Amino acid sequence: MSEDDDLYAEIPSIDERSRRALTVAEKWIGEDIQGVAIGVAADGGPELVVYALDSSSAGARAVPQECEGLPVRVETGDAFRAES
């Protein structure tokens with residue numbers, strides 16, 4: 001086991017339910033929502049993570065608490081940018 005293995009310890013496997021949740025949530029991406037991903041919930045199970053510029057924006061407030069049976073967590077931060 002290398003020292004980099006711990007970087008992947010929190011990455012959940014993507015099962016069919018997670019794939020469906022991502023498919024639904026990708027439609028939310030727009031001005032207020034920058035991206036979506038599968039993360040790890042406090043209980044160790046999968047959760048849908050929604051990245052928003054501002055948690056008080058209309059788009060972020062419209063995000064449901066659950067999607068395809070997965071809990072949803074909204075994370076706020078800066079806009080995603082491609083690096084050159």
Side-chain angles (χ1 to χ4, degrees):
M1 179 180 263
S2 76
E3 64 186 54
D4 290 332
D5 288 341
D6 64 332
L7 296 175
Y8 299 97
E10 294 294 320
I11 299 174
S13 62
I14 305 294
D15 60 10
E16 188 56 36
R17 182 174 61 160
S18 297
R19 287 184 203 286
R20 285 193 315 267
L22 284 171
T23 299
V24 170
E26 284 175 347
K27 296 174 183 144
W28 304 340
I29 296 172
E31 186 176 321
D32 295 334
I33 306 299
Q34 293 289 295
V36 296
I38 298 297
V40 178
D43 67 2
E47 72 178 350
L48 183 64
V49 182
V50 176
Y51 297 96
L53 294 175
D54 178 1
S55 62
S56 65
S57 69
R61 287 192 323 268
V63 170
Q65 293 184 345
E66 188 177 286
C67 180
E68 295 294 320
L70 295 180
V72 176
R73 175 172 46 103
V74 176
E75 289 285 327
T76 57
D78 293 331
F80 290 170
R81 291 181 266 267
E83 290 191 24
S84 54

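The residues of the chain are indexed from 1 along the displayed sequence. The structure presented is a predicted model; accordingly, all values stated were derived computationally and were not measured.
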Partner residues of Arg19 under the side chain to side chain donor-acceptor pair (under 3.5 Å) criterion, sequence neighbours left out: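 Listed in chain order: nothing, the list is empty.
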Does the side chain of [Y] come within less than 4.5 Å of [X]'s, by heavy atoms?
| X | Y | value |
| --- | --- | --- |
| Val49 | Arg73 | yes |
| Pro71 | Glu47 | yes |
| Leu53 | Gln34 | yes |

Residue list, salt bridge (charged side-chain N to carboxylate O under 4.0 Å, His left out) with Glu26, at least two apart or on another chain: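 Once residues adjacent in sequence are excluded, Glu26 has no partner under the salt bridge (charged side-chain N to carboxylate O under 4.0 Å, His left out) criterion.
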Results of salt bridge (charged side-chain N to carboxylate O under 4.0 Å, His left out) for Glu68 - residues two or more places apart only: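 Partners of Glu68 by the salt bridge (charged side-chain N to carboxylate O under 4.0 Å, His left out) criterion, ordered by chain and then number, come out as Arg20.
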Check [X] against [Y] and note the closest heavy-atom contact, atom names and distance.
| X | Y | value |
| --- | --- | --- |
| Pro46 | Ile38 | CB-CG2, 4.1 Å |
| Leu48 | Leu22 | CD1-CD2, 3.9 Å |
| Arg61 | Ser55 | CG-O, 4.0 Å |
| Ser18 | Ile14 | CB-CG2, 4.1 Å |
| Ile33 | Ala52 | CD1-CB, 4.0 Å |

Atom CD of Glu16 with >12 non-hydrogen neighbours under 6.0 angstrom: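 Buried by this count: over 12 neighbours within 6.0 Å.
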Residue that, paired with Val50, satisfies side-chain contact (heavy atoms from CB on, under 4.5 Å) out of Val36, Asp32, Thr76: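 In the set Val36, Asp32, Thr76, the residue that makes a side-chain contact (heavy atoms from CB on, under 4.5 Å) with Val50 is Val36.
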